[in-house]
Amino acid sequence: QVQLVESGGDLVQAGGSLRLSCVASGSILRINSMDWYRQGPGKQRELVASITSDGSTNYADSVKGRFTISRDNAKNTVYLQMNSLKPEDTAVYYCNVQGRTRVLRAFNSWGQGTQVTVSS
């Protein structure tokens, strides 16, 4: 199986920055997409940002211009650089990775979540 380990969540003041990391490990042949989701208090989970195998990125309107998703293929790692943080960004952030293992089995793995709290 493919496991994801997330890190980087913290408590920060509004206007501050954080960088989340998600490392995928296991028998990985190919990663098709790496995504960041978040779920705030009393809210449903939403897609924040995604990056595909060709490097194409997409962002939720609420984070455009402030967040940047990137990847390091050699390390099977996806990052989410979060700048100009707002209290509305407070949520548990989850990493999701889709791809195929070296035995050609498709996988869709989720991280455990990391808490981001932005104070006013």
Side-chain angles (χ1 to χ4, degrees):
Q1 288 186 310
V2 175
Q3 295 81 39
L4 307 182
V5 178
E6 301 170 338
S7 62
D10 207 346
L11 170 64
V12 298
Q13 291 184 310
S17 298
L18 288 173
R19 189 175 79 155
L20 307 183
S21 299
C22 173
V23 181
S25 62
S27 184
I28 299 171
L29 174 67
R30 181 178 67 250
I31 292 176
N32 296 326
S33 179
M34 307 183 86
D35 309 324
W36 286 99
Y37 289 76
R38 69 184 181 187
Q39 186 167 17
K43 300 179 180 179
Q44 294 188 336
R45 186 176 299 183
E46 65 172 340
L47 178 64
V48 176
S50 64
I51 184 166
T52 57
S53 59
D54 64 355
S56 179
T57 59
N58 284 285
Y59 299 92
D61 288 341
S62 59
V63 307
K64 285 182 179 178
R66 300 187 298 119
F67 290 11
T68 302
I69 188 170
S70 61
R71 66 185 183 187
D72 186 332
N73 292 334
K75 298 179 180 179
N76 286 333
T77 300
V78 61
Y79 305 96
L80 186 67
Q81 178 66 48
M82 305 185 295
N83 299 324
S84 302
L85 283 163
K86 304 175 181 179
E88 306 93 272
D89 297 319
T90 295
V92 178
Y93 284 71
Y94 298 91
C95 178
N96 175 252
V97 178
Q98 310 100 56
R100 193 168 292 274
T101 70
R102 289 170 180 165
V103 293
L104 306 182
R105 182 178 180 179
F107 69 88
N108 184 338
S109 298
W110 289 86
Q112 78 287 351
T114 185
Q115 177 70 50
V116 172
T117 302
V118 184
S119 62
S120 300

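A quick note: this is a predicted structure, and the numbers were derived from the prediction, not measured.
For the pair Val97 and Met34, the tightest heavy-atom approach, listed with the atom from each and the gap, is CG2-CE, 3.8 Å. Here the closest heavy-atom approach between residue Val78 and residue Cys95 is recorded as CG1-SG, 3.7 Å.
If you take OG1 on Thr90 and CD on Gln115, they are separated by 7.5 Å, rounding to the nearest 0.5 Å. Put simply, CZ on Phe107 and CG on Leu29 are 9.0 Å apart, with the number rounded to the nearest 0.5 Å. To the nearest 0.5 Å, atom CG of residue Leu80 and atom OG1 of residue Thr68 are 8.0 Å apart.
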Give every donor-acceptor pair under 3.5 Å between a side-chain atom in residues 13-27 and any protein atom, sequence neighbours left out.
from: Ser17; atom 1: OG; to: Asn83; atom 2: OD1; distance (Å): 2.9

Would you give me the side-chain donor-acceptor pairs under 3.5 Å for residues 40-47, sequence neighbours excluded?
from: Glu46; atom 1: OE2; to: Arg38; atom 2: NE; distance (Å): 2.8
from: Glu46; atom 1: OE2; to: Arg38; atom 2: NH2; distance (Å): 3.3

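Tracing side-chain contacts under 4.5 Å through hydrophobic residues (I, L, V, M, F, W, Y), one reaches Val118 starting from Trp36; they form part of the same cluster. Transitive grouping of hydrophobic side chains (ILVMFWY, heavy atoms separated by less than 4.5 Å) keeps Ile31 and Tyr37 in distinct clusters. Hydrophobic clustering keeps Val92 apart from Leu85 (ILVMFWY residues linked when any side-chain heavy atoms are closer than 4.5 Å, directly or through intermediates). The hydrophobic clustering, which links ILVMFWY residues whose side-chain heavy atoms are closer than 4.5 Å, places Ile51 and Tyr79 apart. Under a hydrophobic clustering in which Ile, Leu, Val, Met, Phe, Trp and Tyr are joined whenever their side-chain heavy atoms come within less than 4.5 Å, directly or via other members, Ile69 and Val48 fall into the same cluster.
Without hydrogens or angle criteria, Arg71 side chain to Ser33 main chain gives no donor-acceptor distance under 3.5 Å. No donor-acceptor pair under 3.5 Å is formed between the side chain of Thr114 and the backbone N or O of Glu6.
A side chain to side chain donor-acceptor pair (under 3.5 Å) with Gln98 holds for exactly one of Asp35, Asn108, Thr52; it is Asp35.
Ring-plane geometry between Trp110 and Tyr94 is classed as perpendicular, the angle between the planes exceeding 60 degrees on a 0 to 90 degree scale with a lower cut at 30.
Taking 4.0 Å as the cut-off between side-chain N and carboxylate O, Asp89 and Lys86 do not count as a salt-bridged pair.
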Could you please spell out the steps behind the side-chain hydrogen bond (donor to acceptor under 3.5 Å, both in side chains) verdict for Ser56 and Asp54?
CA-CA 6 Å; Ser56 179; Asp54 64 355; 4.6 Å; no
